[in-house]
Protein chains: 2
Amino acid sequence: MSHTYKYPRAALTVDCVVFGFDESELKVLLIQRALDPFKGKWALPGGFVHVNETLDDAARRELTEETGLKDVFLEQLFTFGAVNRDPRERVLSVAHYALVKQKDYQAKAATDAANAEWFPVSMLPKLAFDHADIVATALTRLQGKVRYQPIGFELLPPKFTLSELQHLYEAILETALDKRNFRKKVQGFGLLVPLDETQMIGRHRPAQLFRFDADKYKKLKKRGFNFEL
Amino acid sequence: MSHTYKYPRAALTVDCVVFGFDESELKVLLIQRALDPFKGKWALPGGFVHVNETLDDAARRELTEETGLKDVFLEQLFTFGAVNRDPRERVLSVAHYALVKQKDYQAKAATDAANAEWFPVSMLPKLAFDHADIVATALTRLQGKVRYQPIGFELLPPKFTLSELQHLYEAILETALDKRNFRKKVQGFGLLVPLDETQMIGRHRPAQLFRFDADKYKKLKKRGFNFEL
DNA sequence: TCAAAAGTGTTCTTGATACACCCATGC
DNA sequence: GCATGGGTGTATCAAGAACACTTTTGA
């Protein structure tokens with residue numbers, strides 16, 4: 001079965017910049033293309049949008065198919081529409097970015113995503129299409145958004161230490177932060193709940209674990225509260 | 001001539017939320033639809049993207065065709081892809097927003113845009129499709145962006161008074177601002193150049209005219225300067 | 001002389017920055 | 001006992017908020 005239109009139409013894809021954080025490095029999940037064009041090259045997970053699914057649905061479906069990821073934080077980023085961005089024909093890409101907890105991902109990785117791999121943002125390989133532009137745009141967006149929205153927690157496990165949180169912000173913003181000032185500020189929001197557990201790794205004092213109180217944040221946000229790092 | 005594809009394809013449009021400012025009110029430019037669906041209803045200027053033009057080009061072309069506007073500040077906003085947003089078939093809209101100096105527009109309005117009209121953002125008529133959502137998204141973006149980028153000047157004539165600038169910010173942000181603090185702050189950036197002219201309207205003291213020094217801003221921005229209101 | 005908007009400084013409060021030492025643990 | 005990261009408080013400085021009166025013009 002085929003489909004005929006009066007005027008030529010662009011093809012429509014979604015692509016996802018998946019960010020992860022591990023051991024004080026911000027990473028991006030890439031897949032190795034199995035088909036031409038750019039066969040063998042690294043690229044963002046993504047693919048064609050079905051005519052009866054939303055952009056968000058398409059992005060999530062492609063993520064699951066290509067990387068095994070489900071139920072992640074996902075947001076639309078920008079639509080890339082340069083005329084020759086795909087050598088075959090006119091193809092638009094509605095780019096998204098996702099934030100995932102790397103540990104959640106480990107389990108799925110083994111089964112679903114044989115050819116997916118994490119790369120540090122500072123050491124990306126050459127990417128297919130205009131995907132390098134897309135990653136750059138996503139990084140800029142992440143750097144901007146992490147300062148006034150508590151989305152960083154999407155990159156951390158549910159229980160985390162203040163040092164982990166600080167290292168995350170330092171990795172994203174590419175700056176060093178003062179330990180005491182950082183702790184004062186993030187604890188000042190009253191959104192970090194200390195748990196009855198500590199994390200004991202390495203031969204030094206164990207660290208207090210916290211969780212982010214998402215419910216409390218939602219309530220505060222409704223009353224005009226502004227998270228600002 | 002017709003075009004055939006293996007899988008069905010969504011149609012692709014651009015729509016523009018054109019903001020203007022006049023007499024202390026923020027306005028949006030709407031056109032009255034000449035054709036079904038939603039014939040006679042007010043809607044955003046916009047239309048189908050040609051297969052060989054960029055999204056930006058398409059948005060500018062449609063703006064010129066439907067409203068006579070040219071050379072305006074224009075930025076991509078968000079891509080709206082709900083499956084049933086157009087009753088005819090699947091149609092995506094890559095929404096943009098534009099900022100125009102209303103006086104620039106007056107001249108063209110007479111000739112080109114018989115059925116275009118400005119509406120205060122607070123008193124919009126019912127809009128076609130999901131255009132009300134698009135306007136709401138654009139307004140939120142404008143409110144966010146105006147605080148850390150000097151885009152407000154795009155809505156003012158080249159020569160303006162500090163009161164006009166303040167009223168603009170008050171209209172966009174929907175808050176009252178303190179006159180002395182506002183002046184102190186905007187003049188503190190050193191980006192407003194006082195002119196040898198004053199504006200004399202009404203029976204009261206004439207106001208100093210300023211222009212925005214865009215060149216200086218560009219240079220400062222490169223050195224990491226941050227405009228922040 | 002009155003109405004109407006333009007213009008102008010200081011005080012107070014708040015948040016940002018800078019900075020150094022003791023603590024708990026494993027080896 | 002020593003190396004390692006965890007944890008804590010204060011003093012200074014800069015920016016934001018609050019606030020009222022004089023000036024210039026046209027009618």
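By convention in this document, chain letters (A, B, ...) are assigned in the order of the sequence lines, proteins followed by strands, and residues within each chain are numbered from 1. Just so you know, these numbers use all the heavy atoms, side chains as well, and skip hydrogens, waters and symmetry mates.
Between B:Phe189 and B:Tyr217, the ring centre distance reaches or exceeds 6.0 Å. Between B:Phe21 and B:Phe19, the distance separating the two ring centers is not shorter than 6.0 angstrom. Within the 6.0 Å centre-distance limit, the rings of B:Phe160 and B:Phe153 are counted as a close aromatic pair. Taking the six-membered ring for Trp and the full ring otherwise, the centers of A:Phe38 and A:Phe129 sit less than 6.0 Å from each other.
When distances run from any side-chain atom of B:Asn181 to the nucleotides D:dT4, C:dG9, C:dG7, the shortest one goes to C:dG9. The listed nucleotides are D:dG5, C:dA18, D:dT8; the one nearest the side chain of A:His204 is D:dG5. Here the nucleotide nearest the side chain of B:Lys184, chosen from D:dT10, D:dG6, C:dT10, is C:dT10. In the set D:dT10, C:dC19, D:dG6, D:dG6 carries the atom at the smallest distance from any side-chain atom of A:Ala207.
At the phosphate of D:dT4, neither OP1 nor OP2 sits under 4.0 Å from any side-chain N or O atom of A:Arg205. Dashed line: the shortest gap from a side-chain N or O of A:Ser163 to OP1 or OP2 of D:dG6 is under 4.0 Å.
Side-chain contact check for A:Arg85 and B:Thr54: no donor-acceptor pair (N or O, by modelled atom type) lies under 3.5 Å.
Both B:Lys179 and A:Pro206 lie close to DNA chain C; mapped to their nearest nucleotides by heavy-atom distance, the more 5′-ward contact belongs to B:Lys179. Checking A:His167 against B:Gly202, the closest nucleotide of DNA chain D that is more toward the 5' end is the one next to A:His167.
Per the geometry, CD belonging to A:Gln199 stands 14 Å off C1' belonging to C:dT25, to the nearest Å. Atom CG in B:Leu162 sits roughly 12 Å away from atom C1' in C:dT8 (whole-Å rounding). For the pair A:Ile201 CD1 and D:dG6 P, the interatomic distance rounds to 8 Å; values are reported in whole Å. Rounded to whole Å, atom C1' of D:dT23 lies 15 Å from atom CE of B:Met200. Regarding A:Gln208, its CD atom lies at a distance of 9 Å from the P atom of D:dT8, rounded to whole Å. If you measure from atom CD of A:Gln187 to atom P of D:dG6, you get 13 Å, rounded to the nearest angstrom. Taking atom CZ of residue A:Phe182 and atom P of nucleotide D:dT8, one finds them 14 Å apart after rounding to whole Å. In this structure, B:Leu177 atom CG and D:dA17 atom P are separated by 9 Å, rounded to whole Å.
Scanning atom types as modelled, no donor and acceptor separated by under 3.5 angstrom connect the side chain of B:Arg203 and the base of D:dT25. One can find a donor-acceptor pair under 3.5 Å joining the base of C:dA20 and the side-chain atoms of A:Arg180. Judged by atom type and distance alone, B:Lys185 does not reach the base of D:dG16 through any side-chain donor-acceptor pair under 3.5 Å.
A:Thr161 comes within 4.0 angstrom of nothing in the nucleic acid, heavy atoms only.
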